[in-house]
A.B. asks: 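I am attaching a structure below and will ask some questions about it afterwards.
In this chain, residues are counted from 1 in sequence order.
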Amino acid sequence: MVAPPDNDVLWARALHVTRNGSPALTGVSLGVREGEILAVGGPRGSGKTTLLRCLSGQLLAHQGEVWFNSAPVHTMGPLARERLRRDKFGWIDPEPRLVPELNAWENAALGLMLRGGARRGARTAAHEWLERLDIGDCARKRPHALTQAERQRVCVARALACAPTVLFADEPTAPLHRADRAHVLRTLTTAARSHGITVVLATHDAEVASLADRTVTLLDGRRVHTVHLPGEEAGPGGRAGATKSSRVTGASTASPGPAEAAASGPVDAAAPTDSDTEGRAACSLSA
């Protein structure tokens with residue numbers, strides 16, 4: 001067992017997951033830095049949701065390790081992982097899931113109250129986020145009286161009201177129209193940066209992924225590394241530009257590099273270094 005890098009709030013090594021006899025993840029490794037907005041891209045069925053569920057402790061990989069702030073999530077029992085999700089993590093589903101008996105502000109405050117927070121403070125935080133998401137006037141409405149877009153905004157408010165250390169967002173704008181999507185994404189990314197929240201965002205939309213600090217891409221449960229073509233503009237920190245103008249070629253067994261310190265499995269030796277944030281001329285599928 002290898003300890004993760006100190007500057008990674010989340011770190012995964014050689015995750016393997018099989019579902020219904022088919023591989024859902026095959027040797028995926030990555031690191032997520034504190035305060036980073038990381039997009040996990042790829043087409044539908046590529047393993048994005050499975051990866052987020054493993055990183056958040058909802059699903060235990062059949063092989064591999066997941067660490068949160070140097071604590072091994074993969075060795076925790078069910079109750080410890082549940083407490084971790086309640087106290088440190090936030091989650092947004094692609095479809096709104098609300099408690100039908102509670103009104104909008106109560107749903108938005110639910111996470112805080114489950115942590116044992118005072119009702120008054122939870123209510124204040126819930127109202128603040130509902131206002132920031134332009135649905136403050138819906139605070140007393142129950143889910144059946146809200147549109148699907150309004151219900152999804154309540155879910156976003158619930159996730160942000162808890163001020164989680166890490167927020168997992170699985171296609172969070174899937175049920176929203178373009179204008180609503182832009183506003184929700186702007187609120188989400190602004191809140192993450194202002195409150196120091198680390199975000200892991202699963203999306204198949206290149207426009208959504210472009211708002212992140214960095215993107216990793218999955219294809220058929222494997223991590224894809226891209227070749228950034230000559231002439232692309234470098235992004236923040238010298239990274240190459242958007243992956244939509246990159247070309248994906250070849251396949252090998254490369255794994256994440258120094259900041260993501262990956263290996264190919266429990267009994268394998270250390271693997272080669274990653275190139276996805278360096279813009280090097282190498283491209284592979286990690287094993």
Side-chain angles (χ1 to χ4, degrees), residues 1-5 8 10-33 36 38-68 72-76 81 94 166 168-171 200-206 209 212 214-228 243-244 246-278 280 282-287:
M1 186 180 294
V2 179
D8 283 350
L10 277 173
W11 188 75
R13 183 176 79 96
L15 298 180
H16 291 260
V17 177
T18 301
R19 306 187 72 175
N20 300 321
S22 300
L25 292 178
T26 305
V28 175
S29 302
L30 59 82
V32 188
R33 295 182 288 273
E36 180 179 30
L38 175 70
V40 180
R44 297 186 188 279
S46 59
K48 302 187 299 296
T49 298
T50 302
L51 177 59
L52 264 63
R53 292 187 65 207
C54 287
L55 293 175
S56 63
Q58 295 181 48
L59 176 68
L60 289 179
H62 298 121
Q63 295 181 45
E65 303 174 6
V66 175
W67 296 74
F68 167 71
V73 178
H74 55 285
T75 63
M76 293 180 180
R81 285 185 284 115
V166 182
F168 298 93
D170 185 11
E171 301 280 7
V200 183
L201 170 68
T203 182
H204 66 278
D205 188 332
R214 182 167 57 101
T215 298
V216 298
T217 304
L218 299 183
L219 183 64
D220 295 334
R222 295 177 180 268
R223 183 163 170 191
V224 175
H225 303 291
T226 57
V227 174
H228 296 288
T243 58
K244 63 182 179 181
S246 303
R247 181 177 301 157
V248 179
T249 59
S252 69
T253 55
S255 301
E260 298 170 1
S264 58
V267 296
D268 293 336
T273 59
D274 186 1
S275 62
D276 100 290
T277 60
E278 303 289 337
R280 298 174 186 167
C283 174
S284 62
L285 299 176
S286 65

A.B. asks: Apply side chain to side chain contact (heavy atoms under 4.5 Å, CB included) to D205 and list each qualifying residue two or more places apart in sequence or on a separate chain.
C.D. replies: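 Counting only residues at least two positions away or on another chain, D205 forms a side chain to side chain contact (heavy atoms under 4.5 Å, CB included) with R181, T203, E207, V208.
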A.B. asks: Please report the interatomic distance CZ(F168) to CG(L55), rounded to the nearest 0.5 Å.
C.D. replies: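 Reported to 0.5 Å precision, the distance equals 5.5 Å.
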A.B. asks: Name all residues meeting the side chain to side chain contact (heavy atoms under 4.5 Å, CB included) criterion together with S46; count only those two or more places apart in sequence or in a different chain, and write none if there are none.
C.D. replies: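 Checked S46 against side chain to side chain contact (heavy atoms under 4.5 Å, CB included); matches are P43, K48, L218.
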A.B. asks: Under a 3.5 Å distance rule, please check whether R81 uses its side chain to pair with a backbone N or O of G57 as donor and acceptor.
C.D. replies: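 Yes; at least one donor-acceptor contact below 3.5 Å.
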A.B. asks: Between T215 and G41, what is the shortest heavy-atom contact and its length?
C.D. replies: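 Nearest heavy atoms, T215 then G41: CG2-N, 4.3 Å.
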A.B. asks: Could you tell me whether a side-chain N or O of R13 sits under 3.5 Å from a main-chain N or O of V66, the two making a donor and an acceptor?
C.D. replies: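 Answer holds: no.
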A.B. asks: Would you find a donor on one side and an acceptor on the other, under 3.5 Å apart, between the side chain of E65 and the backbone of H74?
C.D. replies: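 No: the side chain of E65 does not pair with the backbone of H74.
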A.B. asks: What distance do T49 atom OG1 and D170 atom CG have between them, rounded to the nearest 0.5 Å?
C.D. replies: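 One gets 3.5 Å once the value is rounded to the nearest 0.5 Å.
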A.B. asks: Would you say H62's side chain and T18's backbone share a donor-acceptor pair under 3.5 angstrom?
C.D. replies: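 Flag set: sc H62 to bb T18 pair under 3.5 Å.
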A.B. asks: Apply side-chain contact (heavy atoms from CB on, under 4.5 Å) to the pair V166 and F68, showing each step before the final yes or no.
C.D. replies: CA-CA 10 Å; V166 182; F68 167 71; 3.9 Å; yes
A.B. asks: What distance separates R33 CZ from L10 CG, expressed to the nearest 0.5 Å?
C.D. replies: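 If we round to the nearest 0.5 Å, R33:CZ and L10:CG are 12.5 Å apart.
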A.B. asks: Can you confirm whether L201 sits close enough to V40 that some side-chain heavy atom of one is under 4.5 Å from a side-chain heavy atom of the other?
C.D. replies: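 No - every pair of side-chain heavy atoms lies 4.5 Å or more apart.
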A.B. asks: Check whether any side-chain heavy atom of T26 sits under 4.5 Å from a side-chain heavy atom of H16, and report yes or no.
C.D. replies: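 Yes. Closest side-chain heavy atoms under 4.5 Å.
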A.B. asks: Check step by step if side-chain contact (heavy atoms from CB on, under 4.5 Å) holds for V216 and L38.
C.D. replies: CA-CA 8 Å; V216 298; L38 175 70; 4.1 Å; yes
A.B. asks: What residues form a side chain to side chain contact (heavy atoms under 4.5 Å, CB included) with L59, not counting sequence neighbours?
C.D. replies: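 If we apply the side chain to side chain contact (heavy atoms under 4.5 Å, CB included) test to L59, skipping adjacent residues, the hits are V17, T50, R53, C54.
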A.B. asks: Once you round to the nearest 0.5 Å, how far does CZ of R223 lie from CG of L30?
C.D. replies: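 The distance works out to 5.5 Å.
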A.B. asks: Please name the pair of heavy atoms, one in A202 and one in L52, separated by the smallest distance, quoted to 0.1 Å.
C.D. replies: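 For A202 versus L52, the nearest heavy atoms are CB-CD2, 3.9 Å.
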A.B. asks: Mind checking the CG-CE spacing from L60 to M76? Nearest 0.5 Å is all I need.
C.D. replies: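 Rounded to the nearest 0.5 Å, the CG-CE separation comes out at 10.5 Å.
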A.B. asks: For the atom pair CD (E36) and CZ (R214), what is the distance rounded to the nearest 0.5 Å?
C.D. replies: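 Atom-to-atom, E36:CD and R214:CZ are 4.0 Å apart.
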